[in-house]
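Data block below; observations after.
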Amino acid sequence: MKLYRSIKSCSKFLIPRELFKQKLYFSIQNQTSKISSSDDRPTSGDFFVSKLLDSLKIPYKNQFTCLLIRCSFCNNTSLYINKITGWFICTHCLRCGDWSIFKSYTNKHNEKICVPTPKNFEAVKDFKNKADSLINFKLLKTSSKKSILKSLNMEDLKLQYLDRIPGLYVNSENSSLYLTMMLDNKTIVGYKEIKLENSLNQNTVPDDCCWGIAQVPPLTSNHSQSAIIVDDFKHLLVLAGHQSSHHIICLPHGVRKLPQELLPSLEYFNRLILWFGNDQIAWNSARTFAKKLIESRCYFIRPTDDQPSPYLAYKLGLNIEKILKTADKMVHPSIIQFSTIRNEVFAELQNHDKTLGMKWTKFPALNKIIGGHRRGELTLLTGPTGSGKTTFISEYSLDLAEQGLPTLWGSFEIRNQRLAKIMLQQFAKEPVHLNLDLFDNLADQFEKLPLYFLTFHGPQPLNMVMDAVMNAVYVYDIGHVIIDNVQFMMGIGAKYDMGSERFWQQDSIIAEFRRFATYSNCHVTLVMHPRKEKDVEQLSISSIFGTAKATQEADNILIIQNKVMESLQIKKYLQISKNRYSGNLGVMSLEFNKQSLSFSQQNDK
Ligand SMILES: Nc1ncnc2c1ncn2[C@@H]1O[C@H](COP(=O)(O)OP(=O)(O)OP(=O)(O)O)[C@@H](O)[C@H]1O
């Protein structure tokens, strides 16, 4: 039961129709990225939030990601409305809700106005319970401070610099450090804990969605509206103990996600330097987060060996100030010379293996041929009816989600409950129905995976699907979207023949997903039925349903092939028929394990 609940709540996209404007948002972002100066903010006039405020004559301040208005409950100018989703929060009285609630409470003729009550943060209660036994770091004796730093291997940090970290506490046993997470620098909404005997042992409360950030003010006012954003408690300590001229911000969920609830707390800054680790996941997150934070105010520390994460840079004795000076923009003008992208090219060459993408743990053969799973690409998967397309792609995406890739499933052919059952069996590696005692434990672990499911089933108009997908990318930082399958979404079921109008319709769907994958740096996998072929024939690129456009737009084409052996046994294999990244083609055998519904090739090295 728990599992179904989670899937339902995950798939609860409150999408106002106006969100179709996000397409405009992406294209405007794309245009502004070519022409913007550092102060550019997206014009709000075209967006649904500002349109409503204008029509109601409510004055607002146009910020980077939100519009700021006076809250009619507490009368403070502290109500932020997200420009993309319409979600709102007053950072003073803590009333918050979705766009539909905001609209109903501004609509004076509506009898049933649903007035939101101020939000209670459970983490605050939890923190208050602990507070009696916590001591502010600033008030500790120098010897105690030094011993804390020693246990973190950070002996050289400047104590007087660290004293400026607001909300840094230690417990009475001197075994854990605590860092409070604040909403708009006003209210504690969560905290981070780091265990001193093992600094890798950190946790954030609440761990599902914390609405606050840790923020350290600068000692000088040189860069008063500039902040360095890091993804880890230790990075914040290193930077706070080293340099004094920028704000330092620590995100609650690292590079995993940047919830929209954090955005009001970041509106004050007109320059954000994103300094995450130097692996590919961190780099991809930096690029995705920058889109959400508005690229024109974002600067990046490129991930090279000489510019690792702040903590590693400190351990290697690298010059932190010098690294900070290399921060530059992702946004390039329309015409560039090699010098502009030189550092980026160098970073890619140095991280060659990592740029190949996220590796599958269950399909080493796929890693060898394709290299890995890369953001921004479009993959087509096809295969004869009933050949195992859904089963295979479910395991393939689960493998990546288990490694932390936020994944959105659009299952148009089978119900989410059935898909979840398949995934759960693959996750458990055994039939769950034979051992229901395992269910709760398994479902608890499964719920923690960054998996989201669209609630659509059967034929849907493309614009509604794109609305939901774009909304999910914004709200949940999705990196992989799976559509199973395109023909069902179009409403032509498993029929193999279609007229030219259908071909045209399918082309436009593929073109839309292609554009989306590129602009939002998100991988899209489309499952498609093949054209009608004779049963004995092997499928090829030309068997892909639709016109040649589908195969031209795709970066990768995967085909499940059935091969009838002399013994009349059917052998299956996956054929990689197109690989734009490296050109490597090949086949991977698919041995099916019915117990775990798995094609895992872990021993096939
Ligand atoms: N290699 C295999 N050998 C035997 N059974 C398999 C194999 N692969 C999948 N199955 C089973 O076959 C059934 C159909 O699989 P699945 O739904 O994944 O195929 P599909 O290609 O997506 O089907 P469709 O063409 O209807 O979309 C499932 O019950 C699945 O467990």
Side-chain angles (χ1 to χ4, degrees), residues 360 362-363 365-366 379-399 407 409-434 453-454 456-460 481-498 506 509 524-540 543-546 550 557-565 567-577 587-604:
W360 287 273
K362 294 176 183 159
F363 305 111
L366 210 51
T379 295
L380 301 185
L381 172 71
T382 194
T385 305
S387 59
K389 296 185 288 297
T390 302
T391 315
F392 171 72
I393 210 68
S394 157
E395 189 180 16
Y396 164 109
S397 66
L398 182 64
D399 188 344
T407 301
W409 258 87
S411 179
F412 294 86
E413 185 171 347
I414 62 170
R415 286 185 313 126
N416 281 331
Q417 282 82 344
R418 227 185 100 198
L419 173 65
K421 224 169 81 187
I422 296 171
M423 282 190 154
L424 196 67
Q425 190 158 339
Q426 292 172 331
F427 185 66
K429 302 186 179 69
E430 58 183 302
V432 186
H433 68 277
L434 296 181
F453 300 83
L454 291 172
F456 300 131
H457 185 64
Q460 299 294 332
V481 174
I482 299 119
I483 300 293
D484 183 17
N485 61 58
V486 171
Q487 282 84 17
F488 256 81
M489 191 184 111
M490 289 165 62
I492 49 175
K495 274 187 243 151
Y496 283 50
D497 298 313
M498 58 184 191
Q506 179 179 286
I509 289 176
V524 175
T525 300
L526 301 178
V527 180
M528 300 172 77
H529 280 291
R531 284 170 198 267
K532 188 165 181 142
E533 305 273 352
K534 286 195 195 109
D535 286 347
V536 286
E537 280 176 14
Q538 295 286 289
L539 300 178
S540 67
S543 319
I544 301 275
F545 203 66
I557 296 180
L558 312 180
I559 305 176
I560 296 183
Q561 302 275 20
N562 288 333
K563 190 169 178 192
V564 185
M565 311 300 284
S567 61
L568 294 181
Q569 242 193 330
I570 293 180
K571 197 132 178 69
K572 285 181 201 271
Y573 61 93
L574 184 81
Q575 183 168 2
I576 292 89
S577 301
V587 295
M588 175 177 90
S589 68
L590 294 175
E591 298 294 342
F592 187 61
N593 179 332
K594 210 168 168 51
Q595 296 302 303
S596 54
L597 298 183
S598 168
F599 293 101
S600 173
Q601 296 284 301
Q602 267 156 321
N603 301 322
D604 184 17

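Ligands are counted one by one from 1 in listed order, and the atoms in each one are counted from 1 as well. By convention here, the first residue in the shown sequence is residue 1. None of the values given here were measured: they were computed from a predicted structure.
Within 4.0 Å of ligand 1, protein heavy atoms come from Pro384, Thr385, Gly386, Ser387, Gly388, Lys389, Thr390, Thr391, Glu413, His529, Lys572, Phe592, Leu597, Phe599.
Judged by distance alone, the side chains of Thr390 and Asp484 do bring a donor and an acceptor atom under 3.5 Å apart.
A pairwise comparison of heavy atoms in Met588 and Leu366 identifies SD-N, 3.8 Å as the closest pair. Heavy atoms only, all atoms of each residue included: Ser394 and Ser397 are closest at O-OG, 3.1 Å.
Residues passing the side chain to side chain contact (heavy atoms under 4.5 Å, CB included) test with Glu430, sequence neighbours excluded: Ala428, Leu438.
Although no hydrogens or angles enter the test, the distance criterion places no donor-acceptor pair under 3.5 Å between the side chain of Lys572 and the main chain of Leu590.
Residues Ile509 and Met489 are in side-chain contact: their nearest non-hydrogen atoms beyond the backbone lie under 4.5 Å apart.
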